[in-house]
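Quick notes on the structure that follows.
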Amino acid sequence: MGCENQTDWTEFVFLGVPYPQQLYILLFILFLLVYLLSVMGNILILLTVASKSNLQKPMYWFLCHLAVMDISVSTIVVPKVMSGFVEGGQVISFGGCLTQLFFYHFVSCSEFFLYTVMAYDRFLAICKPLHYNILMNQRMCLYLSLGTWFGGCVHSIMVTSLSYGLPYGPKNEVNFIVCEILSLLKLACSDTWFQEIFTLLDIGLVAIICVFLIVMSYMYIVTTILKIPSAEGRQRAFSTCSSHLMVVIICYVPPAFNYLRTGTQDLLSVVMALFYTTWTPFLNPLIYTLRNKEMKDSMLSLCYRIRKF
């Protein structure tokens with residue numbers, strides 16, 4: 001549908017996070033602190049895995065990729081959110097908006113694929129322990145990890161191409177915290193029915209396939225764990241999966257909530273998006289360290305060595 005007084009905008013304005021003016025300093029400090037802690041926590045995971053020979057395992061290889069993705073998605077969104085607390089910081093160029101859109105969908109989709117791969121890794125480790133080292137060898141780990149990035153890239157190229165070349169106007173206000181595809185399509189002056197349907201089908205298909213594979217993996221995992229005779233063995237097997245399961249839940253729920261409410265972009269949608277892009281990268285390192293004795297001991301050992309040095 002066409003718009004009257006169509007304007008070819010060269011920049012967009014984020015409406016962002018609604019907040020009282022007197023809280024902008026406090027909010028800026030809070031977001032900065034959470035961002036720095038999430039980046040440092042994920043970097044610490046990377047350094048720990050790289051420096052400890054006992055962590056040279058497929059599970060920690062995939063965890064390193066998750067750490068990189070968490071750093072990336074947080075960096076794509078949070079600094080721009082913080083700039084919104086400064087006068088004039090809400091503005092983003094059209095090129096900058098498309099760039100943010102591409103990398104946001106790229107990393108987010110790659111992360112969903114990675115969670116599926118991590119579930120498959122746990123399935124092999126628990127359900128096929130005698131064949132695990134053969135099936136999940138170094139080459140397979142490399143192929144699977146590269147596949148997650150490649151799949152995310154393909155998805156993001158398709159999504160970004162939908163918004164490129166559309167006429168925008170007369171409004172240039174993005175009612176969200178990031179240049180996300182559905183938020184951008186709402187500003188177009190042409191009929192975007194095809195783009196919206198294609199986007200929802202694409203994202204929905206990715207989510208359904210990933211969730212289905214994760215659920216199937218855990219059905220086999222739970223069945224196998226219940227057959228373990230000793231309570232200690234069952235507890236040890238479940239502890240290797242509980243961290244991943246918790247991360248999957250806190251990662252999938254907020255985006256799913258927003259995309260199921262496609263016609264609504266309100267304060268609740270902003271809160272859900274902030275949770276995924278700000279708090280999830282902060283929580284993931286805590287979940288994988290506090291609930292993993294091997295990782296926690298290795299990290300404490302590394303910190304002691306750094307302090308001693």
Side-chain angles (χ1 to χ4, degrees), residues 38-75 106-155 210 213-214 216-218 220-221 224 236-252 280-303 305-306:
S38 64
V39 170
M40 289 189 294
N42 283 290
I43 289 177
L44 185 57
I45 286 178
L46 294 172
L47 293 176
T48 302
V49 174
S51 62
K52 295 294 182 178
S53 58
N54 63 309
L55 299 182
Q56 305 304 309
K57 304 175 183 177
M59 180 174 69
Y60 298 110
W61 166 259
F62 296 129
L63 180 58
C64 286
H65 284 269
L66 179 61
V68 173
M69 292 176 185
D70 280 339
I71 293 172
S72 300
V73 74
S74 184
T75 302
F106 171 36
V107 177
S108 299
C109 186
S110 298
E111 197 163 19
F112 287 169
F113 287 140
L114 182 64
Y115 287 131
T116 308
V117 169
M118 294 173 78
Y120 175 66
D121 172 69
R122 292 299 83 205
F123 161 75
L124 291 181
I126 294 176
C127 301
K128 308 287 184 180
L130 299 180
H131 301 91
Y132 178 72
N133 291 331
I134 298 174
L135 295 174
M136 194 59 71
N137 52 49
Q138 290 185 349
R139 178 177 295 182
M140 180 57 69
C141 289
L142 179 61
Y143 287 162
L144 289 174
S145 56
L146 290 179
T148 63
W149 291 101
F150 178 75
C153 184
V154 172
H155 161 80
C210 289
L213 293 175
I214 291 173
M216 290 299 295
S217 296
Y218 274 99
Y220 281 105
I221 288 172
T224 303
R236 186 169 59 251
F238 183 74
S239 66
T240 65
C241 304
S242 58
S243 297
H244 174 255
L245 196 56
M246 287 179 61
V247 169
V248 167
I249 293 172
I250 66 175
C251 177
Y252 267 84
T280 300
F282 170 72
L283 293 173
N284 283 354
L286 296 178
I287 293 172
Y288 273 105
T289 54
L290 295 180
R291 298 182 62 85
N292 187 318
K293 187 177 185 302
E294 188 176 33
M295 187 70 188
K296 181 167 59 178
D297 292 344
S298 298
M299 192 171 288
L300 291 174
S301 174
L302 177 64
C303 291
R305 284 170 53 189
I306 294 176

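Below, each value reflects all heavy atoms present in this structure, side chains not excepted, and no hydrogens, waters or symmetry copies. All values derive from a computational prediction rather than experimental measurement.
- Counting only heavy atoms from C-beta outward, the side chains of I126 and C241 approach each other to under 4.5 Å.
- By the side-chain hydrogen bond (donor to acceptor under 3.5 Å, both in side chains) test, S242 is found to be paired with R291, residues two or more places apart in sequence or in another chain being considered.
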Pair E111-Y115, side-chain hydrogen bond (donor to acceptor under 3.5 Å, both in side chains): steps then yes or no: CA-CA 6 Å; E111 197 163 19; Y115 287 131; 3.3 Å; yes
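- The side chain to side chain contact (heavy atoms under 4.5 Å, CB included) check on C127 picks up F123, Y220, I221, T224, with sequence neighbours excluded.
- The CG atom of L63 sits 10.5 Å away from atom NE2 of H65, with the distance rounded to the nearest 0.5 Å.
- Atom CG of D297 and atom OG1 of T48 lie 11.5 Å apart (nearest 0.5 Å).
- The ring-ring contact (aromatic ring centres under 6.0 Å, His included) test applied to F106 returns F102, W149, not counting sequence neighbours.
- Considering every non-hydrogen atom in both G151 and C109, the closest pair reads O-SG, 4.4 Å.
- Partners of T148 under the side-chain hydrogen bond (donor to acceptor under 3.5 Å, both in side chains) rule, at least two apart in sequence or in another chain, do not exist in this structure.
- Considering CE of M246 and SG of C251, their distance stands at 13.5 Å, rounded to 0.5 Å.
- Between I250 and I287 the shortest side-chain heavy-atom distance falls below 4.5 Å.
- Distance CE/M59 to CG/L124: 13.5 Å, rounded to 0.5 Å.
- L47 is linked by a side chain to side chain contact (heavy atoms under 4.5 Å, CB included) to I43, L302, counting only residues two or more places apart in sequence or in another chain.
- Scanning all heavy atoms of the two residues, the minimum distance from F113 to C210 falls at CD2-SG, 3.7 Å.
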Residue pair H244, Y218: steps toward the side-chain contact (heavy atoms from CB on, under 4.5 Å) verdict: CA-CA 11 Å; H244 174 255; Y218 274 99; 2.6 Å; yes
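- The list of side chain to side chain donor-acceptor pair (under 3.5 Å) pairs with a residue in residues 122-143, not counting sequence neighbours, reads D121-Y132.
- The shortest heavy-atom contact between C141 and P58 is SG-CB, 3.6 Å.
- For S243, there are no side-chain hydrogen bond (donor to acceptor under 3.5 Å, both in side chains) partners, not counting sequence neighbours.
- Here salt bridge (Lys or Arg N to Asp or Glu O under 4.0 Å) pairs that include residues 39-52, with residues two or more places apart or in two chains, number zero.
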In a table with atom names and distances, give each donor-acceptor pair under 3.5 Å that connects a side chain of residues 66-74 to protein atoms at least two apart or in another chain.
unit_1 : atom_1 : unit_2 : atom_2 : d
D70    : OD1    : N284   : ND2    : 3.4
D70    : OD2    : N284   : ND2    : 2.8
S72    : OG     : V68    : O      : 2.8

side-chain contact (heavy atoms from CB on, under 4.5 Å) assessment of F112 paired with T116: CA-CA 7 Å; F112 287 169; T116 308; 5.8 Å; no
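- To the nearest 0.5 angstrom, C64 atom SG is 5.0 Å from L46 atom CG.
- Summarising the geometry, atom OG belonging to S108 is positioned 8.0 Å from atom NE2 belonging to H155; distances are rounded to the nearest 0.5 Å.
- Considering only residues two or more places apart in sequence or on other chains, K57 meets the salt bridge (charged side-chain N to carboxylate O under 4.0 Å, His left out) condition with E294.
- Scanning both residues, Y60 and L55, for their nearest heavy atoms gives CB-O, 3.2 Å.
- For L144, the side chain to side chain contact (heavy atoms under 4.5 Å, CB included) test picks out F62, V117, Y120, M136, M140, with sequence neighbours left out.
- Counting only heavy atoms from C-beta outward, the side chains of I45 and M295 approach each other to under 4.5 Å.
- Checked against side-chain hydrogen bond (donor to acceptor under 3.5 Å, both in side chains), T280 has no partners two or more places apart in sequence or in another chain.
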